[in-house]
Amino acid sequence: MVKQVLAELEDRGLTEDEIKSGGYHIVSTFDRRLMKAAQTAVKSTMQAHNLGTEYHGGLAAVDPKNGRVLAFYGGDDYLTDPWNEPFQSTKQAASAFKPYVLAAWLQAGYSLKSYVPGNQTVPKELPGQQKGGIRNSHNVGVSVDVVKATAASVNTAYVSMAFKLPGQLDDVKNLVEAAGFDQKRMEDDVNEHHYQFAIGSALVTPVEQAAGYSIFANGGKYTKYHVVQEVKQNGKVAYPEQAVAKPVIDPGVAADATIAMQAVLQPGGTAAGKGLGNRPAAGKTGTNNDEKEAWFVGYTPQFSTAVGFYREQCVTKSGKVVPPQHSNCPIFRKGSKKYNNDNPYTTVNEVSLGFEGAGPPTIAWQKFMQLAHENLPVEQFPDRAEVGVPENIVPSPTPTPTPTPEDDNPFGSDNPFDDGTDDCLIGCDSNDTTVPDDDVSVDDEASEDDVSDTNPNDVGLAGQGTVPEPRASGTQPKTTRPEDR
């Protein structure tokens with residue numbers, strides 16, 4: 001906590017030496033109770049799933065109304081493990097980046113009711129796409145609406161949506177830069193990964209994600225995340241809090257995006273059953289290729305919280321895997337003088353977590369949010385705003401009408417309304433008068449395929465991977481065809 005405060009103040013021109021000698025009184029944004037809750041949530045989740053020192057978890061929680069970093073967890077002991085996961089670990093965002101494409105889509109004037117591609121991108125070949133194109137990990141059908149595309153984390157839908165935007169990837173990049181993400185990292189990723197940027201190839205930190213999702217929790221406004229609340233000297237404010245809010249998206253866009261992200265935690269969503277009970281919550285899972293990085297980022301009106309996991313093995317030159325020391329790969333080897341910083345004993349190799357974003361990341365997020373909201377009133381999200389108009393990239397699913405057989409009488413041969421009297425209203429006295437059938441129509445709603453076999457009780461966890469194709473999260477059945485995985 002101290003190191004992070006010092007780093008922020010140095011960026012503002014107040015050096016550590018000046019702080020030590022200047023008699024400053026510094027108040028951070030960190031909440032003691034929430035800091036303990038963050039530690040409890042991550043550590044208990046890791047213990048419950050037997051995640052050893054190879055596994056790294058980072059959590060950051062931000063007040064969406066003012067950008068204050070209220071809590072984080074990235075380690076227990078600064079002296080043995082000074083790396084601060086939620087502030088320093090830049091990892092591919094995977095599908096937890098899709099909500100920014102959603103925001104750009106709605107901001108462009110398109111609605112949640114738009115139908116977008118399911119099993120194949122439109123166009124089929126996108127500029128700069130990886131070999132084999134962009135696919136999903138599960139079959140969702142030819143056409144889905146935007147809410148379902150979000151809930152089921154459909155890659156093909158989201159890259160197609162990005163391509164359809166008036167400014168294409170520039171619209172997404174400009175939005176995320178306005179929401180606090182590092183400009184150079186975003187530009188570099190667009191240049192390197194092109195449309196995979198839309199499904200999370202960019203490198204982000206947990207604290208950036210927690211602050212970025214604040215635009216959805218706070219009516220479209222973003223406040224730069226910060227850890228310093230006030231700095232006084234001689235009783236006067238020397239460095240005031242930097243908490244200027246700016247609009248990034250319209251309030252109605254934030255409200256409708258929240259509708260789609262609430263569906264992620266509801267039946268059919270990738271994190272179904274892992275919400276906050278009767279307290280409204282919204283968010284998005286993310287799992288990178290080979291499950292190297294896994295995320296859950298979610299929010300209520302009171303808190304925006306991001307949780308990310310990744311796994312590092314320490315490998316010698318001979319290929320031997322040795323355990324980390326205090327979460328760090330050993331540079332030196334006891335009893336040997338040949339290893340040093342220029343010739344380390346082990347190097348870091350990031351490997352698969354063995355779980356997805358709907359597993360430990362979502363579970364840790366849920367635990368923290370439950371603790372954070374204790375004794376707080378339940379706040380509601382804004383009502384759905386119905387912004388924009390449908391922009392169908394693909395046609396909507398065609399209803400299939402089912403004719404009712406003429407002799408299919410649901411009451412059988414007896415008329416339950418016949419009491420034996422002759423109350424004739426039409427066609428009496430042998431007249432052949434009939435009721436015209438003009439303007440009578442039947443509108444059978446198209447049934448949607450159930451794209452999710454998610455078991456809410458299944459556990460599945462993941463962070464900077466080398467493979468740039470994030471995929472849908474959740475405990476979906478895995479195909480045996482390698483080209484589809």
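Throughout, residue positions are numbered sequentially from 1 according to the sequence presented. Note that the structure is predicted; figures quoted are calculated from it, not measured.
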For atom [atom1] of [X], is the number of surrounding heavy atoms from other residues, nucleotides or ligands below 6.0 Å larger than 12?
X      : atom1 : result
Lys221 : NZ    : no
Lys65  : NZ    : yes
Asp11  : CG    : yes

So which pairs with a foot in [range] pass salt bridge (Lys or Arg N to Asp or Glu O under 4.0 Å), sequence neighbours left out?
range            : value
residues 191-214 : Arg185-Glu208
residues 312-336 : none
residues 248-272 : none

Is it true that the side chains of [X] and [Y] contain a donor and an acceptor less than 3.5 Å apart?
X      : Y      : value
Gln183 : Glu187 : yes
His226 : Glu8   : no
Tyr310 : Glu85  : yes
Asn139 : Asn119 : yes
Ser89  : Trp83  : yes
Thr223 : Asn66  : no
Ser352 : Asp290 : no

Heavy-atom check, side chain of [X] versus side chain of [Y], under 4.5 Å:
X      : Y      : result
Val144 : Tyr115 : no
Tyr55  : Ser327 : no
Lys367 : Thr45  : yes
Val321 : Glu54  : yes
Ser160 : Val116 : no
Phe87  : Val227 : yes
Tyr345 : Thr316 : yes
Pro99  : Tyr213 : yes

(request) Kindly determine whether Val5 and Gln229 satisfy side-chain contact (heavy atoms from CB on, under 4.5 Å), including the steps that lead there. (result) CA-CA 10 Å; Val5 167; Gln229 186 171 329; over 6 Å; no
(request) Kindly state whether the ring of Phe97 and the ring of Phe197 have centres lying under 6.0 angstrom apart. (result)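 So the answer is yes for these two rings.
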Please tabulate, for the side chains in residues 171-181, all donor-acceptor contacts under 3.5 angstrom to protein atoms that are two or more places apart in sequence or on a different chain.
unit_1	atom_1	unit_2	atom_2	d
Asp171	OD2	Gly167	N	2.8
Lys173	NZ	Glu177	OE2	3.4
Asn174	ND2	Asp170	O	3.1

Return yes if some donor-acceptor pair links the side-chain N/O of [X] with the main-chain N/O of [Y] below 3.5 Å, else return no.
X      : Y      : value
Thr40  : Ala37  : no
Asn136 : Thr156 : yes
Ser153 : Thr150 : no
Asn155 : Ile134 : no
Trp105 : Ser111 : yes
Thr346 : Pro330 : yes
Ser214 : Tyr222 : no
Glu350 : Arg311 : no
Asn288 : Glu291 : no
Asn218 : Gln302 : no

How close do [X] and [Y] get, counting heavy atoms only, and between which atoms?
X      : Y      : result
Ser143 : Val394 : OG-CG2, 3.6 Å
Ala306 : Pro206 : CB-O, 3.2 Å
Cys329 : Thr347 : SG-O, 4.4 Å
Lys164 : Ile393 : CB-CD1, 4.0 Å
Leu102 : Ala260 : CD2-CB, 3.8 Å
Leu112 : Arg384 : CB-NH2, 3.5 Å

(request) For the pair Tyr110 and Val387, evaluate side-chain contact (heavy atoms from CB on, under 4.5 Å) and give the outcome as yes or no after the intermediate values. (result) CA-CA 7 Å; Tyr110 308 145; Val387 299; over 6 Å; no
(request) Go through the steps to decide whether Ile199 and Val159 satisfy the test side-chain contact (heavy atoms from CB on, under 4.5 Å), and finish with yes or no. (result) CA-CA 7 Å; Ile199 51 175; Val159 292; 3.9 Å; yes
(request) Apply the test side-chain contact (heavy atoms from CB on, under 4.5 Å) to residues Gln325 and Thr53: give CA-CA distance (whole Å), side-chain angles for both, the deciding distance (0.1 Å), then the verdict. (result) CA-CA 8 Å; Gln325 294 177 347; Thr53 53; over 6 Å; no
First locate atom [atom1] of [X], then atom [atom2] of [Y], and finally report the distance between them rounded to the nearest 0.5 Å.
X      : Y      : atom1 : atom2 : value
Ser304 : Tyr225 : OG    : OH    : 13.0 Å
Tyr78  : Gln4   : OH    : CD    : 10.0 Å
Ile331 : Asn343 : CD1   : CG    : 11.0 Å
Phe296 : Ser95  : CZ    : OG    : 12.5 Å
Thr287 : Gln92  : OG1   : CD    : 12.5 Å
Thr270 : His138 : OG1   : NE2   : 8.5 Å

(message) Between Arg279 and Glu379 (salt bridge meaning N to carboxylate O under 4.0 Å), is one present in this structure?
(response)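 The answer is no: the pair does not qualify as a salt bridge.
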(request) Determine, stepwise, if the pair His373 / Thr300 fulfils side chain to side chain donor-acceptor pair (under 3.5 Å). (result) CA-CA 9 Å; His373 286 88; Thr300 65; 2.8 Å; yes
(message) The criterion is side-chain contact (heavy atoms from CB on, under 4.5 Å); which residues satisfy it with Thr258, sequence neighbours excluded?
(response)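 With sequence neighbours excluded, Thr258 shows a side-chain contact (heavy atoms from CB on, under 4.5 Å) to Phe216, Gln262, Ala282, Tyr299, Phe381, given in chain and number order.
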(request) Name all residues meeting the side-chain hydrogen bond (donor to acceptor under 3.5 Å, both in side chains) criterion together with Gln39; count only those two or more places apart in sequence or in a different chain, and write none if there are none. (result)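 In terms of side-chain hydrogen bond (donor to acceptor under 3.5 Å, both in side chains), with neighbours along the sequence ignored, Gln39 is linked to Asp76.
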